[in-house]
Engineer: 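Sharing a structure below in structure tokens format, with a few things to ask.
Every value quoted in this text rests on a predicted model; they were computed, and no experiment measured them. The chain is numbered in sequence order, starting from 1.
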Amino acid sequence: MNAQTPRTAIVTGAARGIGAAVAKRLAEEGHAVAVLDLDESACAATVDAITSAGGNAIAVGVDVADEAAVQAAVERVASELGAPTILINNAGITRDNLLFKMTVDDWDGVMGVHLRGSFLMTRAAQKYMTDAKWGRVVNLSSTSALGNRGQVNYSAAKAGLQGFTKTLAIELGKFGVTANAIAPGFIQTEMTKATADRLGVPFEDFIAYSAKEIPVQRVGQPEDIAAVAAFLTSEEAGFVSGQVIYVAGGPKD
């Protein structure tokens with residue numbers, strides 16, 4: 001792969017898990033990285049990992065569902081690191097439950113972070129991309145977009161992100177901006193551990209069972225997603241837009 005032009009990237013939900021892995025990988029690609037999460041202090045480990053390896057990163061605390069906070073965060077990134085032309089909308093929460101047990105707060109909370117948050121972040125960042133006539137937006141969807149028991153809110157949000165992505169690709173393409181979604185399958189993170197806890201299953205057993213159902217016979221790691229994000233945000237990916245890429249160790253419907 002050719003060397004990448006150094007740019008400024010924003011990764012939301014980057015204190016841990018997939019977001020942290022993506023932030024570190026983009027830093028390895030030579031980009032300055034803004035590590036965003038709800039708790040700024042929680043971003044320290046990701047930032048330290050990047051800076052100790054010679055990269056450039058800052059931590060920014062922001063509630064991505066808060067319009068004013070998002071605008072302020074993006075403006076801070078532009079001021080401290082430069083105009084952000086790479087955006088990874090990774091921030092997410094789960095509030096799993098069966099439909100008849102799910103509360104309105106469970107529904108609104110998940111929609112707020114995944115859909116409202118991605119909308120606000122993209123709206124705030126896109127002006128820097130269109131001004132530069134170059135940009136990359138990557139949204140984190142999920143195989144749950146195809147439906148998953150106990151996740152009617154999460155599944156709906158992740159499916160919504162796919163429609164959001166395709167529309168961004170249509171609207172922003174003429175400005176040199178691409179938009180794509182990554183839909184992970186089972187990735188070994190704190191979020192999937194929380195699912196195992198909800199089901200009352202030891203995480204090791206949950207991993208082993210899930211691996212048997214995956215064609216490549218293993219669960220995914222955050223670095224698997226980071227590798228795909230690195231390609232989608234690269235110079236070479238300029239003709240890839242409006243796509244949903246399932247990273248699940250095997251085919252998905």
Side-chain angles (χ1 to χ4, degrees), residues 11-24 36-39 41-46 63-65 88-118 139-162 181-226 228-229 244-253:
V11 185
T12 68
R16 60 188 63 82
I18 291 172
V22 171
K24 293 171 189 175
L36 273 60
D37 214 288
L38 186 61
D39 179 4
S41 64
C43 300
T46 305
D63 176 355
V64 295
I88 313 293
N89 284 311
N90 170 74
I93 61 172
T94 54
R95 297 289 184 269
D96 296 350
N97 223 325
L98 295 174
L99 176 64
F100 76 99
K101 294 181 179 179
M102 186 168 290
T103 67
V104 171
D105 285 345
D106 291 337
W107 177 271
D108 288 346
V110 169
M111 292 296 165
V113 174
H114 292 273
L115 287 177
R116 179 183 170 94
S118 295
N139 300 313
L140 267 294
S141 181
S142 169
T143 57
S144 290
L146 302 173
N148 195 35
R149 179 180 173 85
Q151 290 194 315
V152 67
N153 49 0
Y154 187 78
S155 295
K158 291 304 193 181
L161 278 174
Q162 296 187 13
I182 301 173
F186 190 114
I187 307 297
Q188 188 174 339
T189 64
E190 290 181 20
M191 186 174 285
T192 47
K193 183 179 185 304
T195 300
D197 292 343
R198 174 176 63 85
L199 296 173
V201 178
F203 194 34
E204 295 76 12
D205 294 346
F206 194 44
I207 290 171
Y209 172 80
S210 299
K212 292 177 182 177
E213 302 298 311
I214 298 171
V216 299
Q217 296 289 285
R218 71 171 177 87
V219 300
Q221 298 299 319
E223 291 74 19
D224 292 315
I225 306 305
V228 179
V244 179
I245 299 174
Y246 284 87
V247 185
K252 291 291 174 181
D253 295 333

Engineer: Please check this pair: side chain of His114 against backbone of Ile93, looking for a donor-acceptor N/O pair closer than 3.5 Å.
Structural biologist: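 Yes.
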
Engineer: Going by salt bridge (charged side-chain N to carboxylate O under 4.0 Å, His left out), name the residues that satisfy it together with Asp224, two or more places apart in sequence or in a different chain.
Structural biologist: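 With neighbours one apart ignored, the set is Arg218.
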
Engineer: Which distance, rounded to the nearest 0.5 Å, do you find between the CG of Leu199 and the CG of Asp205?
Structural biologist: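 Output value for this atom pair is 12.0 Å.
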
Engineer: Under a plain distance cut-off of 3.5 Å, with no hydrogens placed, do Asn89 and Asn139 share a side-chain donor-acceptor pair?
Structural biologist: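 A donor-acceptor contact under 3.5 Å links the two side chains.
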
Engineer: Just wondering, do Leu98 and Arg149 contact through their side chains at under 4.5 Å, heavy atoms?
Structural biologist: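 Yes, at least one pair of side-chain atoms sits under 4.5 Å.
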
Engineer: Got a donor-acceptor contact below 3.5 angstrom from the Asp37 side chain to the Ala42 backbone?
Structural biologist: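 Absent.
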
Engineer: Grab the two heavy atoms, one from Asn148 and one from Ser155, that are nearest each other, plus how far apart they are.
Structural biologist: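 Taking every non-hydrogen atom into account, N-OG, 3.4 Å.
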
Engineer: Do Thr195 and Val201 make a side-chain contact, defined as non-hydrogen atoms from C-beta onward lying under 4.5 Å apart?
Structural biologist: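 No, their side chains stay 4.5 Å or more apart.
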
Engineer: At their closest point, which heavy atom of Thr143 faces which heavy atom of Ala248, and how far apart are they?
Structural biologist: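 So the two residues come closest at CG2-CB, 3.9 Å.
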
Engineer: Between Phe203 and Phe186, what is the ring plane arrangement, given parallel below 30°, perpendicular above 60°, and tilted in between?
Structural biologist: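 The arrangement is parallel - the two ring planes meet at less than 30°.
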
Engineer: Counting C-beta onward and ignoring hydrogens, is there a side-chain heavy-atom pair between Ile187 and Val219 closer than 4.5 Å?
Structural biologist: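 Side chain of Ile187 against side chain of Val219, heavy atoms only: no contact under 4.5 Å found.
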
Engineer: Write down the atom of Ala145, the atom of Ala159, and the distance for their closest heavy-atom approach.
Structural biologist: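 Scanning both residues, the minimum pair turns out to be CB-N, 3.6 Å.
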
Engineer: Can you see which heavy atom on Pro222 is nearest to which on Gln188, and at what distance?
Structural biologist: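 Looks like CD-O, 3.8 Å.
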
Engineer: Quick check against the 3.5 Å criterion: does Ser142 have a side-chain atom that pairs as donor or acceptor with the backbone of Lys158?
Structural biologist: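 Checking the backbone N and O of Lys158 against the side chain of Ser142, no donor-acceptor pair under 3.5 Å is found.
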
Engineer: Measuring from Ile182:CD1 to Asn90:CG, what's the distance to the nearest 0.5 Å?
Structural biologist: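 It is 9.0 Å, given to the nearest 0.5 Å.
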
Engineer: Keeping Arg95 on the side-chain end and Val110 on the backbone end, is there a donor-acceptor pair under 3.5 Å?
Structural biologist: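 No, the answer is negative, given that no donor and acceptor are paired below the 3.5 Å cut-off.
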
Engineer: Mind checking the CD1-OG1 spacing from Ile88 to Thr12? Nearest 0.5 Å is all I need.
Structural biologist: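 That separation rounds to 8.5 Å.
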
Engineer: Using 0.5 Å steps for rounding, measure from the CZ atom of Arg116 to the CG atom of Asp108.
Structural biologist: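 It is 10.5 Å, given to the nearest 0.5 Å.
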
Engineer: Please check if the side chain of Thr46 supplies one atom and the backbone of Ala15 the other of a donor-acceptor pair under 3.5 Å.
Structural biologist: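 Yes; judged by distance alone, with no hydrogens or angles, the pair exists.
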
Engineer: Check step by step if side-chain contact (heavy atoms from CB on, under 4.5 Å) holds for Leu140 and Ile225.
Structural biologist: CA-CA 9 Å; Leu140 267 294; Ile225 306 305; 3.9 Å; yes

Engineer: Return the minimal non-hydrogen interatomic distance between Val11 and Gly19, and the atom names on each side.
Structural biologist: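 Answer, listing the atom of Val11 first, then Gly19: CG1-O, 3.6 Å.
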
Engineer: Nearest 0.5 angstrom please: Asp106 CG to Thr103 OG1, how far?
Structural biologist: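 Between Asp106 CG and Thr103 OG1, I get 3.0 Å after rounding to 0.5 Å.
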
Engineer: Would you compute the distance between atom OG1 of Thr94 and atom CG of Asn153 and round it to the nearest 0.5 angstrom?
Structural biologist: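 If we round to the nearest 0.5 Å, Thr94:OG1 and Asn153:CG are 8.5 Å apart.
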
Engineer: Would you say Ser41 and Asp39 are linked by a side-chain donor-acceptor pair, where the criterion is simply a distance under 3.5 Å?
Structural biologist: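 Yes, a side-chain donor-acceptor pair sits under 3.5 Å.
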
Engineer: Is there a donor-acceptor pair closer than 3.5 Å between any side-chain N or O of Thr189 and the backbone N or O of Met191?
Structural biologist: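 Yes, Thr189 side chain to Met191 backbone: donor-acceptor pair under 3.5 Å.
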
Engineer: With a 4.5 Å heavy-atom cut-off, do Arg16 and Glu190 have their side chains touching?
Structural biologist: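 Yes, at least one pair of side-chain atoms sits under 4.5 Å.
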
Engineer: Specify the closest pair of heavy atoms between Leu115 and Gly160, including all atoms of both residues, with the distance to one decimal.
Structural biologist: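 The answer is CD2-C, 3.8 Å.
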
Engineer: Applying side-chain contact (heavy atoms from CB on, under 4.5 Å) to Val244 and Tyr246, what does each step give before you reach the verdict?
Structural biologist: CA-CA 6 Å; Val244 179; Tyr246 284 87; 3.8 Å; yes

